[in-house]
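All values reported here derive from a predicted model rather than from experimental measurement. Convention: sequence-line order gives letters A, B, ...; per-chain numbering from 1.
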There are 2 protein chains.
Amino acid sequence: MKDHRHADPRATLKAYIAKHGLKTSRQRELIAEVFFSSTGHLSVDELLERVRAQDARVGQATVYRTMKLLAEIGLAGARQFGDGHTRYEPLQAAEHHDHLICTSCGRIVEFHNTQIEELQARVAKQHGFVVTHHKMELYGMCADCRRK
Amino acid sequence: MKDHRHADPRATLKAYIAKHGLKTSRQRELIAEVFFSSTGHLSVDELLERVRAQDARVGQATVYRTMKLLAEIGLAGARQFGDGHTRYEPLQAAEHHDHLICTSCGRIVEFHNTQIEELQARVAKQHGFVVTHHKMELYGMCADCRRK
DNA sequence: ATTAGTGCAAAAGGTTTGCAGACCA
DNA sequence: TGGTCTGCAAACCTTTTGCACTAAT
């Protein structure tokens with residue numbers, strides 16, 4: 001069963017393309033489809049790999065351009081965890097979440113905490129800010145790595 | 001009056017250098033001094049500029065190498081706010097803090113909130129993690145920009 | 001003396017861009 | 001048909017690295 005709390009990003013993309021006089025293309029649709037149906041935090045290379053599994057002729061630049069487009073539209077969020085690769089994750093399709101990152105094995109766990117977000121809004125307000133979005137990353141060691 | 005809640009990072013650096021058979025150098029001391037006496041979030045180029053104001057012969061690579069060393073020691077923290085430049089900020093000299101970033105004018109405000117950190121630790125524990133450090137950035141609009 | 005550090009310039013690695021041709025509306 | 005999109009390769013930019021030389025211990 002699909003989650004319909006939010007609009008289908010595919011439809012949002014189509015609407016944006018129509019509204020801005022852009023055009024759809026085989027590659028763009030494939031990249032978007034692979035991206036939207038993925039979980040997690042894909043680098044461009046990882047995404048390209050999955051895309052090429054279905055169509056080997058897709059170029060790297062097209063993936064970069066498509067992800068930039070999706071990020072502009074707000075359908076993809078860029079993240080930099082410090083390994084030198086920009087990673088993208090679907091935004092609209094899922095609840096907002098933050099990240100727990102194991103500095104030993106690199107595992108990434110997502111979480112979401114409403115209390116923290118309330119506090120964030122409060123802190124921001126104290127400084128005169130209205131927050132539109134945030135990024136929070138907790139770095140540490142996961143249970144598995146600690147066991148060793 | 002100086003703040004002595006934490007050890008002087010200059011002393012920490014000296015100790016590390018001695019312990020690891022490294023050597024001090026005019027450039028390294030200058031870069032560290034400029035960095036430790038700065039506030040905020042300096043890119044390597046900004047740092048280089050300030051360093052060269054005092055000694056024009058310092059090379060860019062030396063700044064990169066020195067900041068990498070300081071980051072290893074734990075005296076500098078790397079931050080990426082998405083403009084393509086890694087920024088460093090002094091760690092030990094100040095209380096830990098997070099960032100409020102105005103997406104309109106780029107202003108960066110620091111803050112610190114103990115309640116949030118307690119919640120972070122709790123959330124991490126639920127996932128089996130022990131947190132060593134974290135990064136939290138709140139993006140939004142500051143009061144000045146909202147007024148316009 | 002020995003060994004680490006420096007400056008320069010080249011290399012590396014990720015991302016962007018110019019261009020000619022392909023493709024969608 | 002006209003304008004957008006694509007793939008390729010070159011260009012770009014930040015950061016890293018090799019090397020010969022300088023300097024600290």
Spacing of Glu72(B) atom CD relative to dT16(D) atom C1', expressed in whole Å: 14 Å
Heavy-atom pair of closest approach, residues Ala124(A) and Val131(A): CB-CG2, 3.2 Å
Whole-Å distance separating the CZ atom of Arg65(B) from the P atom of dT17(D): 10 Å
Axis deviation across the helix from dA1(C)-dT25(D) to dA25(C)-dT1(D), five-pair ends, to the nearest 10°: 30°
Nearest-angstrom distance from the residue atom OH of Tyr64(B) to P of dT17(D): 13 Å
Interface with DNA chain D, restricted to residues 41-58 of chain B and to heavy atoms under 4.0 Å: none
Minimal non-hydrogen separation, Asn113(A) against Gln115(A), with atom names: OD1-N, 3.0 Å
Under 3.5 Å, side-chain donor or acceptor atoms of residues 34-44 of chain A against the rest of the protein: list the pairs with distances, not counting sequence neighbours.
{"residue": "Ser37(A)", "atom": "OG", "partner": "Glu33(A)", "partner atom": "O", "Å": "2.7"}
{"residue": "Ser37(A)", "atom": "OG", "partner": "Val34(A)", "partner atom": "O", "Å": "3.3"}
{"residue": "Ser38(A)", "atom": "OG", "partner": "Val34(A)", "partner atom": "O", "Å": "2.6"}
{"residue": "Ser38(A)", "atom": "OG", "partner": "Arg50(A)", "partner atom": "NH1", "Å": "3.3"}
{"residue": "His41(A)", "atom": "NE2", "partner": "Glu89(A)", "partner atom": "OE1", "Å": "3.2"}
{"residue": "His41(A)", "atom": "NE2", "partner": "His99(A)", "partner atom": "NE2", "Å": "2.8"}
{"residue": "His41(A)", "atom": "NE2", "partner": "Glu110(A)", "partner atom": "OE2", "Å": "3.2"}
{"residue": "Ser43(A)", "atom": "OG", "partner": "Glu46(A)", "partner atom": "N", "Å": "3.2"}

More than 12 heavy atoms from other groups under 6.0 Å of CD on Glu49(B): no
Results of side-chain contact (heavy atoms from CB on, under 4.5 Å) for Ala78(A) - residues two or more places apart only: Thr86(A), Tyr88(A)
Val130(A) reachable from Leu100(B) in the ILVMFWY side-chain graph, under 4.5 Å edges: no
Members of residues 14-33 of chain A that approach DNA chain D, where some heavy atom sits under 4.0 Å away: Gly21(A), Leu22(A), Lys23(A), Ser25(A), Gln27(A), Arg28(A)
Cys102(A) versus Phe129(B), closest heavy-atom pair with distance: N-CE2, 3.5 Å
With Met67(A), the side-chain contact (heavy atoms from CB on, under 4.5 Å) member among Thr62(A), Leu47(A), Leu75(A): Leu47(A)
Validation row: Gln126(B), Phe111(A) side chains within 4.5 angstrom (heavy atoms): no
Any pair counted as side-chain hydrogen bond (donor to acceptor under 3.5 Å, both in side chains), so long as it reaches residues 139-148 of chain A, sequence neighbours left out: Glu137(A)-Tyr139(A), Asp144(A)-Arg147(A)
Partners passing salt bridge (charged side-chain N to carboxylate O under 4.0 Å, His left out) against Lys14(B) (at least two apart in sequence or in another chain): Glu29(B)
Residue list, side-chain contact (heavy atoms from CB on, under 4.5 Å) with Gln120(B), at least two apart or on another chain: Ile116(A), Met136(A), Leu138(A), Ile116(B), Glu117(B), His134(B), Met136(B)
Side-chain heavy atoms of Arg65(B) within contact of Gln27(B), under 4.5 Å: no
Can you give me the N/O atom pairs linking the protein to nucleotides 9-11 of chain D at distances under 3.5 Å, or say none if there are none?
none

Pro9(B) vs Pro90(B) side-chain heavy atoms within contact, under 4.5 Å: no
Contact list for DNA chain D against residues 78-89 of chain B - heavy-atom distance below 4.0 Å: Gly84(B), His85(B), Thr86(B)
Side-chain heavy atoms of Tyr64(B) within contact of Gln60(B), under 4.5 Å: yes
Transitive ILVMFWY side-chain link Val63(B) to Ile17(B), under 4.5 Å: yes
Listed once per pair and sorted, the salt bridge (charged side-chain N to carboxylate O under 4.0 Å, His left out) pairs that draw on residues 121-135 of chain B, sequence neighbours left out: none
pair Tyr16(B)-Leu22(B): side-chain heavy atoms closer than 4.5 Å: yes
For chain B, the stretch of DNA chain C it reaches, first to last nucleotide, under 4.0 Å of its heavy atoms: dT3(C) to dC8(C)
